[in-house]
Amino acid sequence: MNAAPMQAVRGMNDVLPAEAARWQFVEGVIREVAAGYGYREIRPPLVEKSALFCAAIGEATDIVEKEMYSFADRGGESLSLRPEATAGCMRAGIEHGLFHNRGARLWYAGPMFRRERPQKGRYRQFHQFGVEAVGWRGPDIDAEILLLGARFFRRLGIRGLRLEINTLGGAGGESRARYRAALVDYLQKNQADLDEDSRRRLHKNPLRVLDSKNPAMAGVIAGAPQITDCLNAADEEFFSALRGLLDAAAVAYTVNPRLVRGLDYYTGPVFEFVTDSESLGAQNAVCAGGRYDGLAETLGGRPAPAAGFACGLERIIALAAAEGGGGAAPDAYLIDVGEGDGGGASDALAIAETMRDAGLAIQCNRGGGAMKKQMKRAHRSGAAFAVILAADERAAGKVTVKPMHGGEQRTVGIKDAVQIIKSEKQWP
RNA sequence: GUGAGCGUAGCUCAGUCGGCAGAGCUCCGGAUUGUGAUUCCGGCGGUCGUGGGUUCGAUCCCCAUCGCUCACCCCA
């Protein structure tokens, strides 16, 4: 090794075979659960015009200001790797008339890119699963996506998740504006108690002061006015209707008046599924979303109400009850002794193909080796059976089937071997 | 962008107040010639992240640099 070895780009991870099985499992659950609610997959491109994200997410957000992977296309137009998928989904739906006089239930899953400093549970290329329900005023659709999310986590066997909900006030922004004024007023009066970050946010995005992780801020935050006190009648009714639907569906939640969202497009109810698990480090949100009734219009489409969420798949996989097995073990390992090292394997190849035709996964020994050696490899492969093909078997036109987890081995014809292995193979 | 910690074998890590570089696991071979989780023996594998400096001598001390990790900011 003379040249320095190539390395992956910082914050972009390889999914190695040992982990890939877990990803496949999660992806399978995504398809199953989404289909179960009548959501259909959409696959927007990974690259969009930068202007789309600026308009949708907000010019002044950190994502747009400093976290986007942007580059100039030939001809000079600025393009960006998508930092989230909602903007692309909405753009695609408007462009192709998916929302024209009708509702659309959409889901997506795939990589997103944000140039942040990596840390536990946060990477520069990460993956999200999300849903977008466009065209319903709610709150029944808000409840539906929360049910979908809750079922998704249940199906994955993830426990210890807490659902927190809040509202930012409806699309008109009346409640939000009133609350914002009250909050700014309060914070200015208590400016002496604010830390540096909070003072900066006071002007830039006052709602985010409520999000501060600084324990010293807890007192000021606790005394701050709450948005629930500033809601107009319509927003109040919407939020309480949503809570009623969740209660009726027996979905557990807590109202967190300090829950706010980072992206500009949110309006109305917002929510997060959070965990206290150590395995996410300083991160605690695995899924977050809400309502964004103004986004379609912002992107140049006809006005359309919308609600959705996004889940961080790396975070979900880190939480998912680790084992799903170390990865796909074959049903049987074919031991092939004699006939020279690897040279006389032609009958072994044919036998393996026959067994595969019968629906079994067969891993063949490669590279020769004594019986003992091959048996060792068979063990390591995780296969439930070893199928032995040596001089005796060849002479008899049979194979020996040996259960690796105990029991008698038997020398039988290939059809019987397939039957023996199939009868033991059981899937839930 | 800011701060802290860490870079020694494929993996997990010891180590020397500066004196020839270690262990476990993995891998390969063997313990009377057709049988795998144990046990025993042997072997492969490292310019101690990189580049300078101090020194008779640096993996160890100093400086720089690159990389990784964690945290802040922000967010899924």
Side-chain angles (χ1 to χ4, degrees), chain A residues 1-11 13 16 18 57-58 60-67 83-86 109-130 149 195-198 200-201 204-205 208 211-214 260-263 271-275 278 280-290 308-319 333 335-338 365 367 369-394 400-406 408-409 411:
Chain A
M1 240 180 281
N2 293 326
M6 287 289 191
Q7 276 183 301
V9 174
R10 180 204 288 268
N13 303 121
L16 301 176
I57 300 170
T61 58
D62 276 15
I63 290 180
V64 169
E65 265 180 6
K66 49 189 202 193
E67 293 173 5
E84 55 97 60
T86 295
M112 311 293 162
F113 304 85
R114 261 124 97 158
R115 199 180 183 291
E116 306 174 88
R117 201 72 171 262
Q119 68 189 66
K120 187 171 245 186
R122 178 210 278 164
Y123 309 100
R124 289 184 171 182
Q125 174 176 325
F126 63 105
H127 296 73
Q128 287 186 328
F129 154 55
D195 62 13
E196 196 183 329
D197 279 333
S198 298
R200 181 169 47 78
R201 290 183 187 138
K204 190 179 156 193
N205 193 344
R208 297 213 63 82
D211 241 4
S212 178
K213 282 183 187 169
N214 185 348
V260 292
R261 310 261 60 249
L263 283 44
F271 58 87
E272 277 182 8
F273 287 90
V274 297
T275 178
E278 305 265 308
L280 288 190
Q283 268 57 247
N284 70 340
V286 299
C287 175
F309 66 64
C311 297
L313 295 187
E314 279 80 0
R315 294 183 182 180
I316 284 167
I317 283 170
L319 284 183
Y333 187 97
I335 289 174
D336 170 24
V337 179
N365 186 72
M371 169 72 79
K372 187 184 189 70
K373 168 94 311 187
Q374 297 197 32
M375 191 60 73
K376 212 169 185 173
R377 293 181 184 142
H379 173 74
R380 213 171 295 149
S381 77
F385 290 89
V387 173
I388 301 165
L389 179 62
D392 293 353
E393 286 80 5
R394 266 188 251 266
T400 295
V401 179
K402 176 189 168 78
M404 298 301 283
H405 303 303
E408 289 286 302
Q409 71 181 40
T411 300

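For the numbers below, each heavy atom of this structure counts, side chains included, while hydrogens, waters and symmetry mates do not. In what follows, chains are A, B, ... by sequence order, proteins preceding strands, each numbered from 1.
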For the side chain of [X] and the backbone of [Y], is there at least one donor-acceptor N/O pair under 3.5 Å apart?
X      : Y      : result
A:Q374 : A:G369 : yes
A:R114 : A:Y123 : no
A:R315 : A:A285 : yes

Please evaluate the base of [N] for a donor-acceptor partner in the side chain of [X] within a cut-off of under 3.5 Å?
X      : N     : result
A:Q409 : B:U35 : yes
A:R315 : B:C75 : yes
A:E393 : B:G34 : yes

Worksheet entry | Runs of at least three Watson-Crick or G-U pairs with RNA chain B, cut-off 3.5 Å |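 Looking at RNA chain B, the stems formed by three or more consecutive pairs are B:1-7 with B:66-72, B:10-13 with B:22-25, B:27-31 with B:39-43, B:49-53 with B:61-65.
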Just to be sure I understand the rule, does [X] reach a base, reach only the sugar-phosphate, or reach nothing, if contact means heavy atoms closer than 4.0 Å?
X      : answer
A:G281 : sugar-phosphate
A:A378 : nothing
A:Y333 : nothing
A:C311 : nothing
A:E65  : nothing

Can you check the distance between [N] and [M], where both ends of the measurement are the [atom1] atom (answer in whole Å)?
N     : M     : atom1 : result
B:G46 : B:G7  : C1'   : 14 Å
B:C63 : B:G5  : P     : 13 Å
B:U47 : B:U32 : P     : 37 Å

Discussion item. Please evaluate residues A:K373 and A:V337 with respect to the criterion side-chain contact (heavy atoms from CB on, under 4.5 Å), reporting the C-alpha separation (whole Å), side-chain torsions for both, the decisive distance (0.1 Å), and the verdict.
Written reply: CA-CA 10 Å; A:K373 168 94 311 187; A:V337 179; over 6 Å; no
How many whole angstroms separate atom [atom1] of [X] from atom [atom2] of [N]?
X      : N     : atom1 : atom2 : value
A:E272 : B:A76 : CD    : P     : 8 Å
A:K66  : B:C75 : NZ    : P     : 10 Å
A:N284 : B:A71 : CG    : P     : 12 Å
A:Q119 : B:C68 : CD    : C1'   : 14 Å
A:I63  : B:A76 : CD1   : C1'   : 9 Å
A:E67  : B:A76 : CD    : C1'   : 12 Å
A:E314 : B:C75 : CD    : C1'   : 13 Å
A:N13  : B:C68 : CG    : C1'   : 12 Å

Among [options], which nucleotide sits nearest the side chain of [X]?
X      : options             : result
A:K120 : B:C70, B:C28, B:C75 : B:C70
A:I388 : B:A76, B:C72, B:U35 : B:U35
A:R10  : B:U35, B:C68, B:C73 : B:C68
A:A282 : B:A71, B:U35, B:G67 : B:A71

Rounded to the nearest 0.5 Å, what separation is found between the [atom1] atom of [X] and the [atom2] atom of [Y]?
X      : Y      : atom1 : atom2 : answer
A:I335 : A:K402 : CD1   : NZ    : 8.5 Å
A:T411 : A:I388 : OG1   : CD1   : 8.0 Å
A:E314 : A:K120 : CD    : NZ    : 14.0 Å
A:N13  : A:H127 : CG    : NE2   : 9.5 Å
A:Q125 : A:M112 : CD    : CE    : 10.0 Å
A:R115 : A:R10  : CZ    : CZ    : 8.0 Å

Worksheet item: More 5' along RNA chain B: A:L313 or A:L280, using each one's nearest nucleotide?
Response: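 So the residue in question is A:L280.
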Discussion item. Nearest heavy atom decides the nucleotide; on that basis, is A:R122 or A:M371 closer to the 5' end of RNA chain B?
Written reply: A:M371
For nucleotides 36-41 of chain B, tabulate all protein N/O to nucleotide N/O atom pairs closer than 3.5 Å, reporting atom names and distance.
unit_1 : atom_1 : unit_2 : atom_2 : d
B:G36  : OP1    : A:K372 : NZ     : 3.2
B:G36  : N1     : A:M404 : O      : 2.5
B:G36  : N2     : A:H379 : ND1    : 3.1
B:G36  : N2     : A:M404 : O      : 2.8
B:G36  : N3     : A:H379 : ND1    : 3.3

